[in-house]
Structures are given as structure tokens and as C-alpha cells.
Amino acid sequence: MFAEQMNEVVFHVDVNSAYLAWEAVDRLQHGSPVDLRNLTAVIGGDEASRHGIVLAKSGPAKKYGILTGETLYAARQRCPGLIVIPPRYHLYMQCSSALIDILRQYSPVVQQYSIDEAFISCYLPAKDPQEGVKTAHRLKEQVKQELGFTVNVGIGPNKLLAKMASEFEKPDKVHTLFHHEMSDKMWPLPIDELFFVGRATARKLRGYGIYTIGALAALDPALVHAWLKKPGLLIWQYANGKDYSQVTEQGPPIKSIGNSNTIAFDVTDRDTAHQILLALTETAAMRLRAIDQCTRVVAVAIRSHELFTYRHQRKVQTPLDSTSLIWHQACQLFDESWKGEPIRHLGVHLSELCGNDFYQLSIFDQHNEKLSRLDQTIDLLRSRFGNSSVFRGCFAHSPIRPLMGGVLQEQEEEYPMMSSQL
DNA sequence: TCTGGGGTCCTAGGACCC
DNA sequence: TCTGGGGTCCTAGGACCC
């Protein structure tokens with residue numbers, strides 16, 4: 001039965017206007033007479049707490065030129081009467097996970113790339129190139145029937161081309177992009193539509209007279225390397241359809257953990273800043289312990305009222321996973337770097353992670369051992385009775401939430417984080 | 001009350017060592 | 001004496017992704 005030659009192809013599945021579509025479907029299921037996807041609507045953060053940006057837009061909203069990531073203020077300028085819906089991340093994670101369940105029916109190897117994107121690898125008869133397209137249509141229709149939202153499916157010989165293909169005409173479409181199709185389908189496209197060519201790189205390339213993906217593909221790679229260093233070689237390979245990364249079930253291991261938050265008011269005093277750093281550290285350290293890791297580098301990020309962002313980091317002597325010890329470092333870093341201006345946003349970031357085995361053995365340090373037990377107990381209580389079941393006394397009469405940064409809170413560990421690598 | 005939050009990777013430049 | 005020079009570690013900052 002294995003006599004027939006089989007080919008591996010990659011599908012990239014991308015939910016159309018994910019947050020907005022999921023919100024629309026949920027509302028229809030709960031008896032709403034209107035479909036948000038047909039209105040000028042966006043999913044947007046809360047402006048009162050200074051989170052007012054567009055997270056997702058409907059087709060009609062897109063026609064007004066509304067962009068993901070722009071301020072709701074700017075979006076309303078483009079489209080007066082715009083409907084703004086607050087996000088519900090728990091709902092989106094449920095929808096995401098339901099999608100992944102369907103994808104598993106099509107392939108044993110499903111790689112979730114973000115909350116609304118996944119790669120799957122399929123083995124299909126080499127003789128019939130149309131087989132992949134038929135399968136993709138079946139998949140897309142099944143998602144629409146069972147879950148109520150539409151997806152684009154890109155089919156290619158590797159992840160890069162599959163992903164480029166899923167970006168073609170939207171919504172609810174299947175596209176292929178094989179090597180022999182690059183000259184027709186990909187090379188005429190403007191340079192900034194290539195994966196990994198962002199604003200800065202596109203501007204530089206245009207400065208050198210390179211306007212299309214095809215023009216980049218035709219260059220001498222040594223020249224692109226001279227212009228753009230290592231990322232230059234990467235995008236030159238992408239422009240030529242070269243990508244050797246594999247579809248892997250779990251994706252790359254976690255290399256850093258960060259929590260940051262734009263605060264509803266400007267922070268002007270050290271004590272409040274320290275308290276917010278504690279709330280941020282609590283969730284970051286819990287996530288760190290949940291994956292049995294310690295951190296070697298602690299960083300604090302500060303964004304001023306004027307939107308100037310800077311960060312300060314330090315490598316610590318002993319790897320840490322204790323909330324108190326990480327917080328202590330964060331406060332020191334803050335005190336060393338804060339220039340005294342009003343603060344809009346604070347972040348705590350942990351990197352250079354390492355296993356906690358060594359750390360667990362070094363229990364000669366009584367102080368660390370006590371802190372570690374305390375953290376473990378608190379983590380257990382929070383997992384059993386909810387994150388709000390235990391919080392530090394200093395938050396008792398404070399307007400600051402005792403755990404900050406994790407909008408996803410209870411369930412976040414169950415979901416893979418986004419990654420910029422294929 | 002105009003500009004989120006989660007990541008990864010790369011590079012420049014300074015400190016330090018031999 | 002007219003300030004070599006390679007390697008490593010570290011921090012800051014910028015690019016990209018969703």
C-alpha cells in the first residue's frame with residue numbers, strides 16, 4: 001500500500017479577521033440578529049485605561065482604511081460611527097482550540113503558530129497535485145460548518161510558501177504556491193508583502209531600487225548581505241522560496257517570559273512603581289515555575305508618558321525562580337534607571353532561562369528554600385482556587401491589581417505563545 | 001483619554017582578558 | 001612608542017512576527 005509515491009505538502013491555516021469573526025459567531029449563537037462581520041466594527045481595547053487600539057477589524061471596516069494596531073481615535077476619524085467591541089480572550093482561546101481539534105483530523109503534525117494560525121503537514125499522492133487543493137477545501141468547509149468562521153488555507157512545499165499563499169485573496173479561500181508558481185504569484189508582489197520584510201527593511205530596499213519580491217530574488221545574495229546583514233540573507237532565501245524549517249508539533253522551546261502593562265494612570269512615585277512591578281513579577285514568575293525553569297537575566301522596561309521606552313537588565317549570579325527575589329532585582333533595576341518622569345507602562349522580562357534542577361539541589365541556602373516552598377504553595381493554591389485566592393497584603397487597600405500582565409490569567413499556560421520564527 | 005502585549009533574533013559597542 | 005588585536009561577556013537597542 002506504500003507503493004504509490006507520496007509527497008509532503010504544508011498547509012497554512014489562517015482565520016479571517018480572527019477576533020472579530022469569533023466575536024460575531026458567538027453573538028449569533030447567543031441569538032444576536034446581526035453579524036458583526038457585515039458591519040463597520042472592530043475589536044478594540046479599553047480607551048479609559050489607555051489600551052485603545054484596534055485588535056481586529058471587519059471587512060467593511062477595512063474598506064475605510066482602518067488598520068490593526070492603530071488607535072481607536074484614528075479609526076473613528078476614518079469611520080465615524082464605528083462599532084467598537086471589547087476583547088474576550090477566553091472565548092478566542094476556545095475558538096482557537098476548537099480549530100486545532102479539527103486540524104488534527106487532517107494531519108498528525110499540527111503546529112500552532114499563533115492564536116489564529118497553524119501549519120499542518122500532509123502526505124498526498126505525488127501524481128495528483130489537485131488532491132491537496134481538494135483536501136484544503138474540505139478542511140475549510142468543515143471549519144465553516146462546525147465552527148461558523150472562515151479560514152484561508154495556503155498550500156506549499158514548505159512553511160514559508162504556504163504562509164505566503166494564505167495571504168493571497170481573502171476571505172474563505174484556498175491558494176497554492178509551489179516553486180514553479182513563484183514567478184507568477186509571488187515575484188510581482190511589492191517587497192513589503194514578503195514575510196520578514198517590515199517597514200524598516202522595505203524602506204531600505206526601496207532606497208536601493210528594489211520594489212518587488214522578484215527584484216529581491218534576482219539579486220546577488222552577497223549584495224543583500226552587505227546591505228542588510230544576516231536578515232538580508234534570510235529574506236533573499238524567502239524571496240526565492242527557500243525554507244527548510246520543519247512543521248513540529250510543539251514549536252520551539254520558550255526562551256523568555258515577559259509581563260508588561262500600560263497603567264490606567266501615570267505613575268509618579270517609586271512605591272507605586274514597585275508595587276506594579278510586584279504584580280507583574282507575580283505572573284511572570286508563576287509562568288516560569290510552571291515550566292520548571294529559572295531565569296538568569298532580569299529586565300525592567302519603562303515607557304514614559306511621552307512614549308519613550310527604555311529598559312535596564314542585569315545578569316544575576318544565581319538563577320532565580322522566586323517571586324520575591326526576582327521582584328527585588330526588578331526594583332533595583334527600576335531605581336537605577338528611572339529618570340523620574342511620569343510612567344505610562346512598566347514591564348518585567350525574564351530571559352536566559354535554565355532548568356531548575358541545579359537550583360533545587362542547592363538547598364543549603366535556607367532562605368531560598370523557604371521562599372521556594374512559599375512560592376510553590378501559593379502556585380498550588382492559585383491553580384486550585386483561582387488566581388485571586390492568594391495575594392500579598394500590600395495590595396489589600398490598593399487600587400493596583402495584585403496580578404498584572406496576564407490577560408489570560410487562569411488558562412494561559414495551556415496555550416502556546418506566539419513566535420516570530422517559522 | 002492617541003499610540004497593547006506577547007515573543008525571537010541580531011548587532012553595536014564597551015569592558016575585560018590574554 | 002604612534003593608541004595591536006582577537007575572543008568573550010554583557011547591555012542596550014532595533015528589527016521582525018502575531
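Protein chains get the first letters and strands the later ones, always in sequence-line order, with residue 1 at the start of each.
Glu70(A) comes within 4.0 angstrom of nothing in the nucleic acid, heavy atoms only. Among the protein residues, Ala200(A) comes within range of the sugar-phosphate backbone only, with heavy atoms under 4.0 Å from sugar or phosphate atoms but none that close to a base. When heavy atoms are screened at a 4.0 angstrom cut-off, Gly198(A) is found touching the sugar-phosphate backbone but no base atom. Using a 4.0 Å heavy-atom distance criterion, Val197(A) is classed as a sugar-phosphate-only contact. Contacts of Leu72(A) with the nucleic acid, taken as non-hydrogen atoms under 4.0 Å apart, are absent.
With dG4(B), dT1(B), dT11(C) as the candidates, the nucleotide lying closest to the side chain of Glu47(A) is dT1(B). Ranking dG4(B), dC18(C), dC2(B) by closeness to the Glu117(A) side chain, first place goes to dC18(C). The side chain of Phe196(A) lies closest to dC17(C), out of dC10(B), dC17(C), dG4(B). Distances from the side chain of Lys255(A) to the nucleotides dC2(B), dT8(B), dC18(C) place dT8(B) closest.
No side-chain heavy atom of Thr150(A) sits less than 4.5 Å from a side-chain heavy atom of Val143(A).
Distance Leu205(A) CG to dC16(C) C1': 14 Å, rounded to the nearest Å. Rounded to whole angstrom, the span from the OH atom of Tyr310(A) across to the C1' atom of dA12(C) amounts to 14 Å. Between the P atom of dC2(B) and the CZ atom of Arg303(A) lies a distance of 16 Å, rounded to the nearest Å. We find that OH of Tyr238(A) is positioned 11 Å from C1' of dC9(B), with the value rounded to whole Å. Separating the CZ atom of Arg50(A) from the C1' atom of dG4(B) is a distance of 12 Å, rounded to the nearest angstrom. Rounded to a whole Å, the CG atom of Leu228(A) is 14 Å from the P atom of dC10(B). At whole-Å resolution of the value, CD1 in Ile257(A) and C1' in dG6(B) are 11 Å apart. Taking atom CG of residue Leu233(A) and atom C1' of nucleotide dC9(B), one finds them 14 Å apart after rounding to whole Å.
Place Ala48(A) and Ile53(A) on DNA chain B by their nearest nucleotides, and Ala48(A) ends up nearer the 5' end. With DNA chain B read from its 5' end, the first of the two nearest nucleotides for Lys230(A) and His305(A) is the one closest to His305(A).
Contact annotation: Lys229(A) side-chain N/O to dA12(B) OP1/OP2 distance is under 4.0 Å. For the OP1/OP2 pair of dT8(B) and a distance below 4.0 Å, the side-chain nitrogens and oxygens of Ser256(A) include at least one atom meeting the criterion. One finds a side-chain N or O of Arg344(A) lying less than 4.0 angstrom from the OP1 or OP2 phosphate oxygen of dT3(B). For the pair His345(A) and dG5(B), the criterion of a side-chain N or O lying under 4.0 Å from OP1 or OP2 is met. Proximity of Ser260(A) to the phosphate of dG6(B): a side-chain N or O atom is located under 4.0 Å from OP1 or OP2. The shortest distance between the side-chain N/O atoms of His312(A) and the OP1/OP2 oxygens of dA12(C) is below 4.0 Å. Listed pair Asn261(A) / dG5(B) meets the phosphate criterion, a side-chain N or O lying under 4.0 Å from OP1 or OP2. Here Thr262(A) reaches the OP1 or OP2 of dG5(B): one of its side-chain N or O atoms lies under 4.0 Å away. OP1 or OP2 of dC16(C) lies within a sub-4.0 Å distance of a side-chain N or O belonging to Thr201(A).
The aromatic rings of Tyr19(A) and Tyr92(A) lie parallel to each other, their planes meeting at an angle below 30°, with 60° marking the opposite boundary.
Of the residues Ile263(A), Asp266(A), Leu277(A), Val267(A), the one that meets the side-chain contact (heavy atoms from CB on, under 4.5 Å) test with Thr272(A) is Val267(A).
Among residues two or more places apart in sequence or in another chain, the side chain to side chain donor-acceptor pair (under 3.5 Å) test is passed with Asn240(A) by none.
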Would you give me the side-chain donor-acceptor pairs under 3.5 Å for residues 74-86 of chain A, sequence neighbours excluded?
residue  : atom : partner  : partner atom : Å
Arg76(A) : NH1  : Glu47(A) : OE2          : 3.2
Arg76(A) : NH2  : Glu47(A) : OE1          : 2.9
Arg78(A) : NE   : Gly65(A) : O            : 3.2
Arg78(A) : NE   : Glu70(A) : OE1          : 3.2
Arg78(A) : NE   : Glu70(A) : OE2          : 3.1
Arg78(A) : NH2  : Glu70(A) : OE1          : 3.0

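Rounded to the nearest Å, the gap between the C1' atom of dC17(C) and that of dT1(B) is 29 Å. For dT3(B) and dC18(C), the P atoms lie 23 Å apart once the distance is rounded to whole Å.
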Inset, instruction - Test Thr262(A) against His345(A) for side-chain hydrogen bond (donor to acceptor under 3.5 Å, both in side chains), laying out the working first. - result: CA-CA 4 Å; Thr262(A) 294; His345(A) 168 112; 3.1 Å; yes

Legend entry - Canonical and wobble pairing (Watson-Crick, G-U, under 3.5 Å) of DNA chain B, dot-bracket with |: ....||||||||||||||

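To the nearest 0.5 angstrom, Glu23(A) atom CD is 11.0 Å from Leu55(A) atom CG.
Remark: side-chain polar atoms of Asp243(A) are paired, donor with acceptor, to backbone N or O of Leu160(A) under 3.5 angstrom.
The two residues Lys57(A) and Lys62(A) make their nearest non-hydrogen contact at CE-CG, 3.9 Å.
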